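Here is the structure we will look at, set down as structure tokens.
Note on naming: letters A, B, ... go to the chains in the order of the sequence lines (proteins, then strands), and numbering restarts at 1 for each one. Bear in mind the structure is a predicted one, so any value in this text is a computation, not a measurement. Just so you know, these numbers use all the heavy atoms, side chains as well, and skip hydrogens, waters and symmetry mates.
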Amino acid sequence: DAKTTQPTSMDCAEGRAANLPCNHSTISGNEYVYWYRQIHSQGPQYIIHGLKNNETNEMASLIITEDRKSSTLILPHATLRDTAVYYCIVRRGNEKLTFGTGTRLTIIP
Amino acid sequence: EAGVTQSPTHLIKTRGQQVTLRCSPISGHTSVYWYQQALGLGLQFLLWYDEGEERNRGNFPPRFSGRQFPNYSSELNVNALELEDSALYLCASSPSQTSHVKGEQFFGPGTRLTVL
């Protein structure tokens, strides 16, 4: 699996957009970018994934650079309930997920 | 639709004992994954079952084992428990990897195991 690099922690004001960066400079052409989050003491929750194109769902948007070496997860209007550890993972479709240390996002009231 | 369920929620054991954790995947999902999350550490992949077969295994000793039943539920067994086995054990399910190669994983709430 390609490795990912994420900031250890970030803060974001409630109601603002939270932009979480991820570097995956060694990503292969058939590897997807997945984002999960883990709220304290709960199981991880799938957020979104993409291959080359930008993706959007009801939870977030995923922006992948043209060279696919980095991506950004965008939570458009952060709420206190978005406080969690966010994991960026690259993975071929039929492989296990390899979780790194993620970014601890704290939403500030 | 019911999510992934795990039992028990909490468990306390002593060193040397054996434990069995259970997982029921989302209806229609055939893949089950097991992860260990020790306090303050990230999720470590343990085992992956699909269609009743073990597909992949993480870097854990043989005393960690499991199986998947015909109804796709799964058990994780840990023998000769050690203090460092204290952790949150998470189960996840996804559609069959042979037909849904982009499939996300859906996690259960976990079983918190404490070894004294």
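Ranked by non-hydrogen atom pairs under 4.5 Å with chain A, the options B:L43, B:L88, B:N56 are led by B:L43.
Among all heavy-atom pairs drawn from A:R91 and B:Y33, the shortest one is NH2-OH, 4.0 Å.
Placement of B:L21 and B:F64 within a single hydrophobic cluster is found when ILVMFWY residues are connected by side-chain heavy-atom separations under 4.5 Å, directly or transitively. Grouping the Ile, Leu, Val, Met, Phe, Trp and Tyr side chains by contacts below 4.5 angstrom, directly or via other members, places B:L39 apart from B:F45. A single hydrophobic cluster is seen to contain both B:F60 and B:V115, as judged by linkage of ILVMFWY side chains at heavy-atom distances under 4.5 Å, directly or through other members. Linking ILVMFWY residues whenever their side-chain heavy atoms come closer than 4.5 Å, directly or via other members, leaves A:I63 and A:Y86 in distinct clusters. The hydrophobic cluster containing B:L11 does not contain B:L116, counting ILVMFWY residues as joined when their side-chain heavy atoms lie under 4.5 angstrom apart, directly or transitively.
Aromatic ring orientation, B:F106 versus A:Y46: tilted (interplanar angle from 30° to 60°).
Neither the backbone nor the side chain of B:Q44 comes within less than 4.5 Å of any heavy atom of chain A. Only the side chain of B:L90 comes within less than 4.5 Å of a heavy atom in chain A; its backbone stays farther off.
In this structure, the side chain of A:Y36 engages the main chain of B:Q105 through a donor-acceptor pair within 3.5 Å.
Using a 4.5 Å heavy-atom threshold, the side chains of A:L97 and B:Y35 count as touching.
Heavy-atom neighbours of A:R104 CZ from other residues, nucleotides or ligands within 6.0 Å: at or below the threshold of 12.
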